[in-house]
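Taking it in order: structure first as structure tokens, then the write-up.
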Amino acid sequence: MSDVARTVGLGVPAIETHALTRRFGDFVAVDALDLNVTAGTFFGLLGSNGAGKSTAIKMLTTLLPATAGSAKVAGFDVWRDARQVRRHIGYVPQLISADSALTARENLSLFAKLYGIQSRERGDRIDEALEFMGLSDVSNALVRTYSGGMIRRLEIAQALLHRPAVVFLDEPTVGLDPNARHSVWERLRELRVRFGTTVLLTTHDMEEAEALCDLVTIMHRGRVVAAGSPAQLKARAGSGASMDDVFIKFTQGVIDEHGRYRDTAQARQTTQRLG
């Protein structure tokens, strides 16, 4: 049995939130969010810019305190046991986190030290992560020479080094071409088969949500407006509906003007760097 399976038993919640809320002054970014994500699930958090997805992830990864409500990740309270939460999660942010001036192996070595992986285990863990993500042959090349898909695979490898129970992916394939996107999808599918990892991802790519996610929750202006499997949501949207139709139906078919300039700028920057 993998480390992940021992940490969070299959069939029990890997992520739980109750009325999780975050306000910025008078603006409610996340409004009483309730989630219950079973271990081993691929869970999609969908919504337009400004819907509250990234804010929710920041709270669940201990990067941002909640205004109200509660949350547990991998069985640990996000605020009382923040250190334990951080030990049991991996996080791939929307912005590029790999150092382009280092090789893939050097990036992974740095992360292994930050995660506190014992020196006698580092080499094997790094080799395993490189092989799993299909980067062994380019492990000693500078990251600045990598394609966008290779960079994303390296960042996922970084997030998996300490074998976390839960991995958070914020727009994991934004800016990637179709071949690179499908390559990342394949690695993510293998992740569950091999380790039983729970994955929470945000995406605007409805094809991605349908291809990867067992369950999705759609947020609109900070609140949950729909939840279920992709098949269930398509049935609710009408005969022959696609996931694009689902998204339009439950986000009211409008551009959310609560999206912040910073969010848009970060998305564009990521797209340019991965392109």
Side-chain angles (χ1 to χ4, degrees), residues 2-5 7-8 14 40 42-43 57 61 63 73-74 85-177 179-203 208 211-212 270 273-275:
S2 70
D3 294 350
V4 170
T7 301
V8 182
F42 266 51
F43 183 85
I57 282 185
T61 56
L63 296 175
V73 175
V85 170
R86 289 192 289 269
R87 289 181 59 190
H88 288 82
I89 65 171
Y91 175 43
V92 180
Q94 189 176 125
L95 288 178
I96 292 175
S97 57
D99 190 329
S100 64
L102 301 177
T103 68
R105 189 174 294 278
E106 288 168 341
N107 268 282
L108 290 172
S109 179
L110 176 61
F111 269 73
K113 293 174 183 176
L114 290 174
Y115 285 133
I117 297 172
Q118 296 296 318
S119 57
R120 64 179 180 274
E121 296 181 51
R122 286 177 199 157
D124 289 342
R125 290 281 187 99
I126 290 169
D127 287 341
E128 180 184 24
L130 288 166
E131 181 180 359
F132 181 68
M133 284 296 162
L135 296 171
S136 296
D137 291 344
V138 293
S139 62
N140 294 315
L142 293 177
V143 172
R144 68 166 59 100
T145 67
Y146 282 17
S147 68
M150 291 163 67
I151 293 172
R152 267 299 185 244
R153 298 204 312 266
L154 172 59
E155 291 175 322
I156 294 169
Q158 290 174 167
L160 296 177
L161 267 182
H162 59 307
R163 297 175 183 166
V166 184
V167 175
F168 295 88
L169 307 174
D170 197 358
E171 297 283 352
T173 61
V174 64
L176 299 185
D177 64 48
N179 288 332
R181 186 167 67 249
H182 282 269
S183 177
V184 171
W185 291 357
E186 186 59 32
R187 291 300 190 276
L188 291 175
R189 292 188 185 104
E190 290 175 16
L191 180 65
R192 173 160 57 182
V193 171
R194 186 165 177 180
F195 298 109
T197 309
T198 305
V199 175
L200 185 152
L201 65 87
T202 71
T203 183
E208 180 166 88
L212 293 178
T270 301
R273 293 182 69 184
L274 288 175

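The CD1 atom of Ile126 lies 14.0 Å from the CD atom of Glu131; values are rounded to the nearest 0.5 Å. Once rounded to the nearest 0.5 Å, the distance linking CD1 of Ile117 with CG of Asp124 reads 11.0 Å. Atom CZ in Arg192 sits 10.0 Å away from atom OG1 in Thr197 (nearest 0.5 Å). Rounding to the nearest 0.5 Å places CG of Leu169 at 9.0 Å from CG of Leu212. Here the CZ atom belonging to Arg86 is positioned 11.5 Å from the NE2 atom belonging to His162, to the nearest 0.5 angstrom.
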Worked check of side-chain contact (heavy atoms from CB on, under 4.5 Å) between Val143 and Asp99: CA-CA 7 Å; Val143 172; Asp99 190 329; over 6 Å; no
Working for side-chain contact (heavy atoms from CB on, under 4.5 Å), residues Thr202 and Phe168: CA-CA 8 Å; Thr202 71; Phe168 295 88; over 6 Å; no
From CA spacing to verdict: side-chain contact (heavy atoms from CB on, under 4.5 Å), Met150, Leu135: CA-CA 8 Å; Met150 291 163 67; Leu135 296 171; 4.2 Å; yes
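Between the side chain of Glu106 and the backbone N or O of Thr103 there is at least one donor-acceptor pair closer than 3.5 Å. With hydrogens and angles ignored, the 3.5 Å screen pairs a side-chain donor or acceptor of Thr198 with a backbone N or O of Gly40. When atom types are taken as modelled, the side chain of Arg153 and the backbone of Met133 share a donor-acceptor pair closer than 3.5 angstrom.
Under 4.0 Å is where a charged nitrogen must lie from a carboxylate oxygen, and between Arg194 and Glu190 no such pair does. A salt bridge is defined here as a Lys NZ or Arg NE, NH1 or NH2 lying under 4.0 Å from an Asp or Glu carboxylate O, and Arg152 with Glu155 meets this definition.
Of all the heavy atoms in Tyr91 and Ala159, the pair that sits closest is N-CB, 3.8 Å. Closest approach of Gly149 and Leu176 over heavy atoms only: N-CD2, 3.6 Å. Heavy-atom minimum distance, Ala98 versus Leu154: CB-CD2, 4.0 Å. Between Phe42 and Leu188, the closest heavy-atom pair is CZ-O, 3.1 Å. When all heavy atoms of Tyr115 and Gln158 are compared, the pair lying nearest together is CE1-O, 3.2 Å. Heavy atoms only, all atoms of each residue included: Leu130 and Arg105 are closest at CD1-NH2, 3.5 Å.
Judged as a salt bridge (Lys or Arg N to Asp or Glu O under 4.0 Å), and not counting sequence neighbours, the contacts of Glu186 are Arg189. Scanning for salt bridge (Lys or Arg N to Asp or Glu O under 4.0 Å) contacts around Arg122 gives an empty result, with sequence neighbours left out.
The number of heavy atoms from other shown groups lying within 6.0 Å of CZ (Arg187) is above 12. The number of heavy-atom neighbours closer than 6.0 Å to CG of Asn140, taken from other residues, nucleotides and ligands shown, is above 12.
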